[in-house]
Amino acid sequence: MLSKEIQLEVNKGAMLPLMEEFYTIQGEGFHTGTAAYFIRIGGCDVGCHWCDVKESWNAELHPPTSVDLIVNNAASSADTVVITGGEPLTWDMSLLTQELKNRNLKVHIETSGAYPLTGTWDWICLSPKKNKLPTQTVYDNAHELKVIIYNKHDFIFAEEQAELVNDKAILFLQPEWSKKEEMTPLIVDYVMNNPKWRVSLQTHKYLNIP
Ligand SMILES: C[S@@+](CC[C@H](N)C(=O)[O-])C[C@H]1O[C@@H](n2cnc3c(N)ncnc32)[C@H](O)[C@@H]1O
Ligand SMILES: Nc1nc2[nH]cc(C(=O)O)c2c(=O)[nH]1
Ligand code: SF4
Ligand SMILES: [Mg+2]
């Protein structure tokens, strides 16, 4: 249990449960191949059975960390910071994104969109999940839609989500990692037949980098 004082700071978004930070190459989606500093915030109740960071789910396992400290750490060679999780929109992202932008950093988010949008973002990657559908503010502001393909039904889900997202969003299909041998060839065929979609791979896993 957090003390009352810390709980208040977390509610304001002045402290956040920090899981890890690392400097790497964005492996997925539109910005694939570009250097970025990743900040992974704990806490997620969406419950994807194939989630590749289940250790992030329980926020209580990750120490409440002041936004000032998180932002100071983020000073690196990269000009871009990616906020991920867990589900970062569990928390109020306003202070964190404001302070990062004050340092002239570009601020990106990886989100399921399950909670309303907070924060000021240069790039929003929405990866919608069936168990907890995105909120309208995230559909309206997403720059990219990245749908994970675990089975054939997910192509239908992808088309439904493409109807709901704003029409400027760039559309990606990404194989679920454990099903990639089976699903990647289907994604390749699907994109050739439906070229409004692009292929996204988890390239960092092929490169053996974080
Ligand atoms: C771990 S999530 C954290 C951010 C947020 N909760 C979300 O789901 O967008 C980061 C990205 O990894 C994707 N992802 C998670 N597990 C995956 C897996 N097993 N295979 C492929 N992509 C995965 C998610 O869909 C999301 O786009
Ligand atoms: N290299 C790298 N790229 C990523 N893109 C999205 C990631 C995430 O977990 O949110 C991720 C990640 O964990 N590592
Ligand atoms: S929403 Fe993101 S962090 Fe949460 S379970 Fe799904 S993939 Fe994992
Ligand atoms: Mg990842």
Side-chain angles (χ1 to χ4, degrees), residues 16-34 36-62 81-91 93 96-97 107-119 121 123-135 137-139 141-151 154-155 157-158 161-162 165 169-184 186-187 197-210:
L16 295 165
L18 178 64
M19 176 174 167
E20 57 180 358
E21 307 171 276
F22 47 96
Y23 185 37
T24 187
I25 305 291
Q26 169 59 278
E28 309 176 10
F30 185 80
H31 294 284
T32 294
T34 60
Y37 190 85
F38 278 68
I39 299 174
R40 195 180 300 282
I41 310 289
C44 182
D45 66 357
V46 177
C48 310
H49 61 89
W50 40 253
C51 177
D52 61 5
V53 255
K54 289 186 171 153
E55 323 83 79
S56 70
W57 290 4
N58 183 355
E60 290 179 19
L61 300 180
H62 307 293
V81 168
V82 179
I83 309 300
T84 185
E87 177 42 63
L89 292 181
T90 307
W91 316 100
M93 290 284 110
L96 176 63
T97 54
V107 191
H108 297 187
I109 186 173
E110 300 277 334
T111 182
S112 68
Y115 293 96
L117 192 63
T118 52
W121 303 98
W123 193 267
I124 298 171
C125 173
L126 169 61
S127 182
K129 306 297 173 351
K130 287 175 188 160
N131 358 346
K132 212 168 167 85
L133 290 169
T135 55
T137 46
V138 187
Y139 283 130
N141 291 285
H143 298 88
E144 77 180 288
L145 175 75
K146 188 172 73 191
V147 182
I148 309 306
I149 303 295
Y150 177 81
N151 59 33
D154 291 329
F155 290 105
F157 177 65
Q161 295 302 300
V165 77
I170 303 172
L171 308 179
F172 290 93
L173 299 172
Q174 174 167 298
E176 192 282 317
W177 184 251
S178 71
K179 294 292 255 355
K180 63 184 182 306
E181 280 76 17
E182 194 185 334
M183 289 302 143
T184 307
L186 301 185
I187 292 174
W197 292 95
R198 304 182 188 190
V199 180
S200 171
L201 302 174
Q202 292 191 296
T203 56
H204 52 297
K205 295 186 181 176
Y206 294 96
L207 294 170
N208 283 310
I209 57 172

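Indexing begins at 1, ligand by ligand and atom by atom, following the structure's order.
- Rounding to the nearest 0.5 Å gives a distance of 10.0 Å between CD of Q174 and CD1 of I149.
- Looking at atom 15 (C) of ligand 1, its nearest protein heavy atom turns out to be D52 OD1, 3.3 Å.
- Nearest to atom 12 (O) of ligand 1 among the protein's heavy atoms is E28 OE1, 3.9 Å.
- Taken from OG in S200 to CG in L171, the straight-line distance is 12.0 Å, to the nearest 0.5 Å.
- Relative to the ring axis of F172, K146 does not place its NZ or CZ within 45° and under 6.0 Å from the centre.
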>> Please determine whether side chain to side chain contact (heavy atoms under 4.5 Å, CB included) holds for the pair T111 and S127, giving the CA-CA distance in whole Å, both sets of side-chain angles, and the decisive distance to 0.1 Å.
In response: CA-CA 6 Å; T111 182; S127 182; over 6 Å; no

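- Those atoms of ligand 1 that come under 4.0 Å of a heavy atom in V53, given as number and element, are 1 (C).
- Each of the atoms 20 (N), 21 (C), 22 (N), 23 (C) of ligand 1 lies under 4.0 Å from some heavy atom of Q202.
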> Can you check side chain to side chain contact (heavy atoms under 4.5 Å, CB included) on F30 and T32, steps first, answer last?
Replying inline: CA-CA 6 Å; F30 185 80; T32 294; over 6 Å; no

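- Per-residue contacts place E176 under 4.0 angstrom from the following atoms of ligand 1 (heavy atoms of the residue considered): 18 (C), 19 (N), 20 (N), 21 (C).
- Between K129 and ligand 1, at least one pair of N/O atoms sits closer than 3.5 Å.
- Around CD of E60, the count of heavy atoms belonging to other residues, nucleotides or ligands within 6.0 Å does not exceed 12.
- At distances below 3.5 Å, at least one donor-acceptor pair connects side-chain atoms of T135 with backbone N or O atoms of Y115.
- A donor atom on one side chain and an acceptor atom on the other are not found under 3.5 Å apart for N151 and E176.
- Annotation for ligand 1: atoms under 4.0 Å from non-hydrogen atoms of Q174 are 21 (C), 22 (N).
- Under a 4.0 angstrom heavy-atom cut-off, C44 registers as lying outside contact with ligand 1.
- Side-chain contact, T34 with Q26: no donor N or O sits under 3.5 Å from an acceptor N or O.
- Ring centroid separation for the pair H108 and W121 does not come in under the 6.0 Å cut-off.
- Here is the list of ligand 1 atoms found below 4.0 Å of a heavy atom in K146: 27 (O).
- Residue R40 places no N or O, backbone or side chain, under 3.5 Å from any N or O of ligand 1.
- Counting heavy atoms closer than 4.0 Å to ligand 1, residue L126 contributes nothing at all.
- Contact annotation: for S56 versus ligand 1, there are no heavy atoms closer than 4.0 Å.
- Aromatic pair F155/W197: ring centres not closer than 6.0 Å.
- For I148, every heavy-atom contact with ligand 1 shorter than 4.0 Å involves the side chain, none the backbone.
- At the shortest separation from atom 20 (N) of ligand 1 among protein heavy atoms lies W177 N, 3.0 Å.
- Close contacts of ligand 3 with G86, meaning ligand atoms under 4.0 Å from a residue heavy atom, involve 3 (S).
- For atom 6 (Fe) of ligand 3, the nearby protein N/O/S atoms, meaning those under 2.8 Å, are C48 SG.
- Checking side-chain atoms of T97 against main-chain N and O of G119 turns up no donor-acceptor pair under 3.5 Å.
- For ligand 1, the atoms lying closer than 4.0 Å to a non-hydrogen atom of E87 are 5 (C), 6 (N).
- For the 3.5 Å distance criterion, the side chains of E144 and W123 qualify, holding a donor opposite an acceptor.
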>> With side chain to side chain contact (heavy atoms under 4.5 Å, CB included) as the criterion, how do K180 and Y206 come out once you've worked through the C-alpha distance, each side chain's angles and the decisive distance to 0.1 Å?
In response: CA-CA 12 Å; K180 63 184 182 306; Y206 294 96; 3.3 Å; yes

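- The option from P134, G85, G86, S112 that lies nearest to atom 6 (N) of ligand 1, judged by heavy atoms, is G86.
- The shortest contact between atom 14 (N) of ligand 1 and any protein heavy atom is with W50 CZ3, 3.9 Å.
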>> Using the rule given for side chain to side chain contact (heavy atoms under 4.5 Å, CB included), can you reason through R40 versus F22, listing the C-alpha separation, both sets of side-chain angles and the distance that settles it, and then say yes or no?
In response: CA-CA 9 Å; R40 195 180 300 282; F22 47 96; 3.6 Å; yes

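- For atom 10 (C) of ligand 1, the closest non-hydrogen atom on the protein side is T84 OG1, 4.0 Å.
- A distance of 9.0 Å separates CD in E21 from CD1 in I83, rounded to the nearest 0.5 Å.
- The ligand atoms of ligand 3 that sit less than 4.0 angstrom from a heavy atom of W57 are 5 (S), 8 (Fe).
- Nearest to atom 25 (O) of ligand 1 among the protein's heavy atoms is S127 OG, 2.8 Å.
- Judged by the shortest distance from any of its heavy atoms, P175 lies inside the 4.0 Å radius around the atoms of ligand 1.
- A distance of 6.5 Å separates OH of Y37 from CD1 of I39, quoted to the nearest 0.5 Å.
- Counting protein heavy atoms only, atom 9 (O) of ligand 1 is closest to T111 C, 3.1 Å.
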